[in-house]
Structures are given as C-alpha cells and as structure tokens.
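Everything below concerns the one structure shown next.
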Amino acid sequence: VSMACGLRAHERRATPPIIYLGITPWAPCTPRACMAILDYYGIPLVGQNVVMVGYGEVVGRPLTLMLMGRYATVTVCRSRTKNLPAITRQADVILSAVGKPNLITEDMIREGAVVVDVGINSVDGKLVGDVSEAAKIAKASAYTPVPGGVGVVSNLMVMKTLTRRL
C-alpha cells in the first residue's frame, strides 16, 4: 500500500468538500486568488450568471463551489462544450482555466462582462491567456491580464498560506 503524503491510496481519492468551498484557509491558492480579485474590485456575484470554463481539480472545481457559495448561478463548461460561444455570451462573469491559448475570442464575450483569465500559455515565446487580450480590451468592463493577473495574486495566496502560523 502506497503511503504518499501519509495517506493510503483510498484515503487520497476524495478531497474533503470543506477545502473546495473556501471555508477553510487551506483551499487551493489559485481559486482563492480569483475570489480575492473579485472581492477587491467589488464585482457582485449574488444572482449573477457566471460561466466557469474548465473543471480541473486544482482550479475549476474548487472555484465553481466557491462561486456557488457566493450565490452565483454557475454554468460549468469544458473547452469542447457544444455551443460554448452561445453560453459565454450569456455570462455576466467569465472565468477560464483551461490552458488553451486564446480559446475565448471577442465574439464569445458579452459587452460589459467581467473576465477572469486564469490560463497561462506560451505562444511563440510570449505568455498569453485562455482569453484573447484584444477580446478582453474590446468587450470586458473589467478583466485580468496575462501575465500579471491571477498568477501574481495566486503567489500571494501561497505566501499567505506559508506564513499563516508564524
């Protein structure tokens, strides 16, 4: 029986829901960073149509639950979701954590939407997000740049976690 991280294989499979909900300070750093950015800029979530593109274990799933904990109406999509443009155009807030460069284009964003771009990809030696920078500039009322957005705040969340008990 493997004892990686001090847990048996069957004990490692499920992450306790309290960690995903952001109730505990041990929630994953990147979802906490996204929520901190939304809070800092006073982006309302209650009753808002939020589209979460990406449902990975580290960012998408915990972030979805955190958003639902704030009473947002969350639609979860994948990069291969049928009719993805039609779904994202309905969103008040779009969060993307897929890891596909420029997956979300200008025609997929409603005028005035808030865009949180978690993705970071290297294209021709340049860092780009999941959302086209031109699309964010043209359509979003507020957005996170790549680089210099969520990643920076995520690093701060790591530091906060590491220094919590000092």
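Note that the structure is predicted; figures quoted are calculated from it, not measured. One is the number of the first residue; the rest follow in order along the sequence.
Using a distance-only test at 3.5 Å, with no hydrogens or angles considered, no donor-acceptor pair links the side chain of D130 to the main chain of N102. A distance-only check finds a donor-acceptor pair linking the side chain of R61 to the backbone of Y55 [under 3.5 Å]. Between the side chain of N121 and the main chain of V128, a donor-acceptor pair closer than 3.5 Å is present. Panel note: side chain K139, backbone A113; no donor-acceptor pair is recorded below 3.5 Å. Side-chain N or O atoms of S154 include none that pairs as donor or acceptor with a backbone N or O of V150 at under 3.5 Å.
Pairing each heavy atom of V51 with each of C77, the nearest pair is CG1-SG, 4.0 Å. Residues P101 and G99 approach most closely at CD-O, 4.0 Å, considering heavy atoms. What you find for D117 and G119 is that their closest heavy atoms are OD1-N, 3.3 Å. Residues S141 and G112 come closest through the heavy atom pair OG-O, 2.8 Å. Of all heavy-atom pairs between A27 and M66, the closest is CB-CE, 3.5 Å. Residue S79 comes nearest to K100 through the heavy atom pair OG-CE, 3.6 Å, listed as atom of the first residue, atom of the second, then distance.
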(request) Just do the side chain to side chain contact (heavy atoms under 4.5 Å, CB included) check on M52 and V74 with the steps written out, would you? (result) CA-CA 7 Å; M52 177 72 232; V74 183; 4.2 Å; yes
(request) Go through L45 and M35 one step at a time and tell me if the side chain to side chain contact (heavy atoms under 4.5 Å, CB included) criterion holds. (result) CA-CA 10 Å; L45 293 172; M35 297 304 288; 3.9 Å; yes
(request) Given side chain to side chain contact (heavy atoms under 4.5 Å, CB included), test I94 with I109 step by step and report yes or no. (result) CA-CA 8 Å; I94 300 171; I109 302 172; 4.1 Å; yes
(request) Check the pair V93, L67 against side chain to side chain contact (heavy atoms under 4.5 Å, CB included), reporting the backbone distance first and the verdict last. (result) CA-CA 11 Å; V93 180; L67 292 162; over 6 Å; no
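One hydrophobic cluster, built from ILVMFWY side chains closer than 4.5 Å, cannot hold both Y143 and V114; they sit in different ones. Clustering ILVMFWY residues whenever any of their side-chain heavy atoms sit less than 4.5 angstrom apart, transitively, puts L156 in a cluster other than the one holding V118. In terms of hydrophobic clustering, with Ile, Leu, Val, Met, Phe, Trp and Tyr side chains grouped at heavy-atom distances under 4.5 Å, I104 and V116 are assigned to different clusters. V152 and M157 fall into different hydrophobic clusters, where Ile, Leu, Val, Met, Phe, Trp and Tyr are joined by side-chain heavy atoms under 4.5 Å apart, directly or via other members. Cluster membership check: L63 shares its hydrophobic cluster with Y41, using side-chain heavy-atom separations under 4.5 Å among Ile, Leu, Val, Met, Phe, Trp and Tyr.
Residues T161 and R32 have side chains in contact (heavy-atom distance under 4.5 Å, counting atoms from C-beta outward). For the pair V123 and K126, the minimum side-chain heavy-atom distance is 4.5 Å or more. In this structure, the side chains of K136 and V146 come closer than 4.5 Å at one or more pairs of heavy atoms.
A distance of 9.0 Å separates CE in M68 from OG1 in T73, rounded to the nearest 0.5 Å. Distance check: D39 CG to I43 CD1 gives 10.0 Å after rounding to the nearest 0.5 Å. Within the model, atoms CZ of R89 and CG of L84 stand 9.5 Å from one another, a figure rounded to the nearest 0.5 Å.
Under the side chain to side chain donor-acceptor pair (under 3.5 Å) test applied with R110, the options T88, D92, N49 reduce to a single match, D92.
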